[in-house]
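These numbers were taken from a predicted model, which means no experiment stands behind them. So that the names make sense, note that chain A is the first sequence line, chain B the second, and so on, each numbered from 1.
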2 protein chains.
Amino acid sequence: MPNPSRAFQVLAEPNRRRIVEHLRPGERSVGTLVSELGISQPGVSRHLRILHRAGFVRVRADGQRRLYSLRREPFRDLEAWIHDYQDLVEARLDRLEELVTSEGAEPPKQGRRR
Amino acid sequence: MPNPSRAFQVLAEPNRRRIVEHLRPGERSVGTLVSELGISQPGVSRHLRILHRAGFVRVRADGQRRLYSLRREPFRDLEAWIHDYQDLVEARLDRLEELVTSEGAEPPKQGRRR
DNA sequence: CGTTTATATAAACTCAGGCTTATCCTTCGG
DNA sequence: CCGAAGGATAAGCCTGAGTTTATATAAACG
């Protein structure tokens, strides 16, 4: 329940995050998103369905078109989950590692201790 | 760079989130995680590498074992990204849709406009 | 009604990424 | 030194999920 599994999976898809970002200003029709994002229409529809099932968007019918807009709830849940990781006891640890962490290259290989 | 793409992708993996949750209390060796989570040792190592590359964890050598612990930065970034979605102009919209949204069934189908 | 527009759905293909198995490297214990 | 423990890495397999292409549904329009 407080499990954001679905949410992370849904937002892991780049095009879905793009859709979400394009919905932030307000509701959009499928066709609008298609031309704005350059994704195929079936692609947009499928992504919207996934977003809808996960509760990220609502739909509203307007004639033959469907207007999608964002919901807030899943974002709240996500933020709640993440918030629990803000109080980690790191500190100077980060400082130290920033001096050593060179990403991918560990030349010195300094093993010490014990 | 304030782009949480990588972060979402990394946390989309269920076992990686489990690892993260098991690291929350404090640092753990690879072997500890293996027995706690029931994931194969190569699996844990690979997930940890991915988490490391994405900045979620740091490593510390202790003899022949490696102690992993959480970093806070990526969580901060994530929270920042999500936070921008908290001010959506929804309101009674949610109320309404909760009455209608029956998942898959759209009975009324009221078309209007243009 | 017939056609066009807007969207959804289905089927087939493709590929990234996770899992398994096997092997290597390093460190510790005698 | 030698063997074993702790991890990392590589190779190959396999499934999930996204894309494409084609078609179905539904509403607007004449």
Colleague: Any residue in residues 5-26 of chain B with a heavy atom nearer than 4.0 angstrom to DNA chain C? Just list them by number, or reply none.
Modeller: B:Gln9, B:Glu13, B:Asn15, B:Arg16

Colleague: Between D:dA5 atom P and B:Asp62 atom CG, what is the distance in whole Å?
Modeller: 18 Å

Colleague: Across nucleotides 3-10 of chain C, 5' to 3', mark each nucleotide with B, S or - according to how protein heavy atoms within less than 4.0 Å reach it.
Modeller: --BSBBB-

Colleague: How many whole angstroms separate atom CD1 of B:Ile50 from atom C1' of C:dC19?
Modeller: 12 Å

Colleague: How would you list, by chain and number, every residue that makes a side-chain hydrogen bond (donor to acceptor under 3.5 Å, both in side chains) with B:Glu79, sequence neighbours excluded?
Modeller: A:His83, A:Gln86

Colleague: Hey, does the side chain of B:His47 come within less than 4.0 Å of C:dC19's phosphate (OP1/OP2), counting only N and O?
Modeller: yes

Colleague: For A:Arg18, check side-chain hydrogen bond (donor to acceptor under 3.5 Å, both in side chains) against everything at least two apart and list the hits.
Modeller: A:Asn15

Colleague: Rounded to the nearest 0.5 Å, what's the gap from CZ on A:Phe75 to CD1 on B:Ile82? Could you check?
Modeller: 8.0 Å

Colleague: Which residues pass the ring pair (Phe, Tyr, Trp, His ring centres under 6.0 Å) test with A:Tyr68, not counting sequence neighbours?
Modeller: none

Colleague: Listed by chain and number, what are the side-chain hydrogen bond (donor to acceptor under 3.5 Å, both in side chains) partners of A:Ser40, not counting sequence neighbours?
Modeller: none

Colleague: Which residues pass the side chain to side chain contact (heavy atoms under 4.5 Å, CB included) test with B:Gln64, sequence neighbours left out?
Modeller: none

Colleague: List in chain and number order the residues that pass side chain to side chain contact (heavy atoms under 4.5 Å, CB included) with B:Val10, two or more places apart in sequence or in another chain; answer none if no residue qualifies.
Modeller: B:Arg6, B:Arg16, B:Ile50, B:Leu51, B:Ala54, B:Phe56

Colleague: Roughly, in whole Å, what's the span from CD1 in B:Ile39 to C1' in C:dC19?
Modeller: 11 Å

Colleague: Provide, to the nearest angstrom, the distance between the CZ atom belonging to B:Arg60 and the P atom belonging to D:dG7.
Modeller: 13 Å

Colleague: For B:Ser35, what residues pass the side chain to side chain contact (heavy atoms under 4.5 Å, CB included) criterion, not counting sequence neighbours?
Modeller: none

